[in-house]
2 protein chains.
Amino acid sequence: MSDTRRKLLDGTIATLRDRGIAGTSARVIAASAAVNQALIFYHFGSVGDLIDAACREAAADQVQSYRPRFRAAVSLGELLTLGQELHETQRSAGNVTVLAQVLAGARHDPQLAATAKHALTLWITEIESTLDRLMRDSPVAEVADIQGLARAIAAAFIGLELYEGVDPAGARGAFAALQHLSVLTEILDDLPPAGRRALRGRIRRTSPGPAQPK
Amino acid sequence: MSDTRRKLLDGTIATLRDRGIAGTSARVIAASAAVNQALIFYHFGSVGDLIDAACREAAADQVQSYRPRFRAAVSLGELLTLGQELHETQRSAGNVTVLAQVLAGARHDPQLAATAKHALTLWITEIESTLDRLMRDSPVAEVADIQGLARAIAAAFIGLELYEGVDPAGARGAFAALQHLSVLTEILDDLPPAGRRALRGRIRRTSPGPAQPK
DNA sequence: GTCTATAGAGGGATAGAC
DNA sequence: GTCTATCCCTCTATAGAC
């Protein structure tokens, strides 16, 4: 790949991270990439196409680089810790923030919507297979709809990323609260067999069961 | 309040909802409000000030109108149902979507950041006092940091609102999954006294305890 | 492939008539 | 309070020199 293309892809991610979707324009991206503005159109055709290319590449790279850590998580608490680390690491690299910005811009731009859905699906798939593995032997699985839960977690994560922008201390508090709560699932998983059977029966009597995936 | 001010405040919310933060300009707002563009500056000074005024008013109105329903919720499941209804009702009225857009724009605009923080705090305060009431007698309160949890819930809600924009079916699935999961907390709350004591002891041995509010 | 220059639209904001 | 007209800026995208 040419040097200019590389610089433009990186500059686009940096611009989305630092200035938000509303502040991302051809001129600003070109300045960030230290490249002539006209080259955006020569190499990518339009600003929208450049954003699309940059986001797809960045999301694929990030998900792949985090895959071993997803695979290594052995509890919901660890998955959450992974999420928190990802959140903090990315404050400089910034791909989750970027995804949040693209998601916000998706409301009035069908192209951004497609980009956002694609990138988000990569993360959701990863979360889903992790949850699948973690919860297979848990009594909690009886009331958990893994597909839906993975989507909820991804969406929540995006929300926390945006919230961080206006209240960093509050966002830290939110993460800490979730971490405390994850202790609950560990307790449930560690129940002795008798306790598990009792819980399972209790769940069956109360819950309508997980939603059927279509 | 003058008719023009009223139309501009409403037109601003409608514009943020329909066109996103990146598509919200003085000209578009004025067209939506059916008012001359120059009147924005006469009445509000700047577009940023208008957005700020509109968002603060809308958030205050919304939170107030939902307050009785927050007070009426008697379980986490009901709080979640309330959230889901709010989500669906607002697809037309649109104030949570608006908040998400302002939050996204906050990244490169300090004024929007202040607006977003103020509006979000109104919702967080409401969620916090509801959680406080709901969880006072629950053994779960031992591992729950209510302040942080309220922030996490509000942020997650914003994320779901944005996710709805690119994958409505996925967002519905996410809500359904959370609803199923809320059954767990009800089970824990309904434990017989002996079971509660056992759970409580188990929590004490595992958890570092809730974070200290500062 | 890279540059300058510019077209043409839309942006915030103001002046001044009414 | 409301309007028109306008200034000056930034935006995307292209034309054309190199």
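To find a chain, count down the sequence lines: A is the first, B the second, and so on, and within it residues start at 1. If you're wondering where the values come from, they're calculated on a predicted model, not measured in any experiment.
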Subject >> N/O donor-acceptor pair under 3.5 Å between A/Q101 side chain and A/I21 backbone >> reply: yes

Original post:
At how many degrees, to 10°, do the end axes of the helix from C/dG1-D/dC18 to C/dC18-D/dG1 meet when each uses five pairs?
Top reply: 10°

Subject >> Closest approach of B/L162 to A/A104 (non-hydrogen atoms, all atoms of both residues) >> reply: CD2-CA, 3.8 Å

Subject >> Those residues of residues 33-47 of chain A lying under 4.0 Å from DNA chain D by at least one heavy atom >> reply: A/Q37, A/A38, A/F41, A/S46, A/V47

Original post:
Hey, is the main chain of A/H43 close enough, under 3.5 Å, to the side chain of A/R5 for a donor-acceptor pair?
Top reply: yes

Subject >> Backbone N/O of B/V28 and side chain of B/S32: donor-acceptor pair under 3.5 Å >> reply: no

Original post:
Any donor-acceptor pair under 3.5 Å linking the side chain of B/R133 with the backbone of B/R71?
Top reply: yes

Subject >> B/L79 vs B/F70 side-chain heavy atoms within contact, under 4.5 Å >> reply: yes

Original post:
5' to 3' on DNA chain C, which nucleotides open and close the contacts with chain B (atom under 4.0 Å from a heavy atom)?
Top reply: C/dG11 to C/dT14

Subject >> Which residues share a salt bridge (Lys or Arg N to Asp or Glu O under 4.0 Å) with A/D137, sequence neighbours left out >> reply: none

Original post:
So which pairs with a foot in residues 149-160 of chain B pass salt bridge (Lys or Arg N to Asp or Glu O under 4.0 Å), sequence neighbours left out?
Top reply: B/E128-B/R151

Subject >> A/T24 or B/S2, whichever maps to the more 5' nucleotide of DNA chain D >> reply: B/S2

Original post:
Excluding sequence neighbours, so at least two apart, what forms ring-ring contact (aromatic ring centres under 6.0 Å, His included) with B/H87?
Top reply: B/F175

Subject >> Nucleotide D/dT6, atom P - distance to CZ of B/R27 in whole Å >> reply: 14 Å

Subject >> Short side-chain to backbone donor-acceptor contact, A/R19 and A/S25, under 3.5 Å >> reply: no

Original post:
Roughly, in whole Å, what's the span from NE2 in B/H108 to P in D/dT10?
Top reply: 14 Å

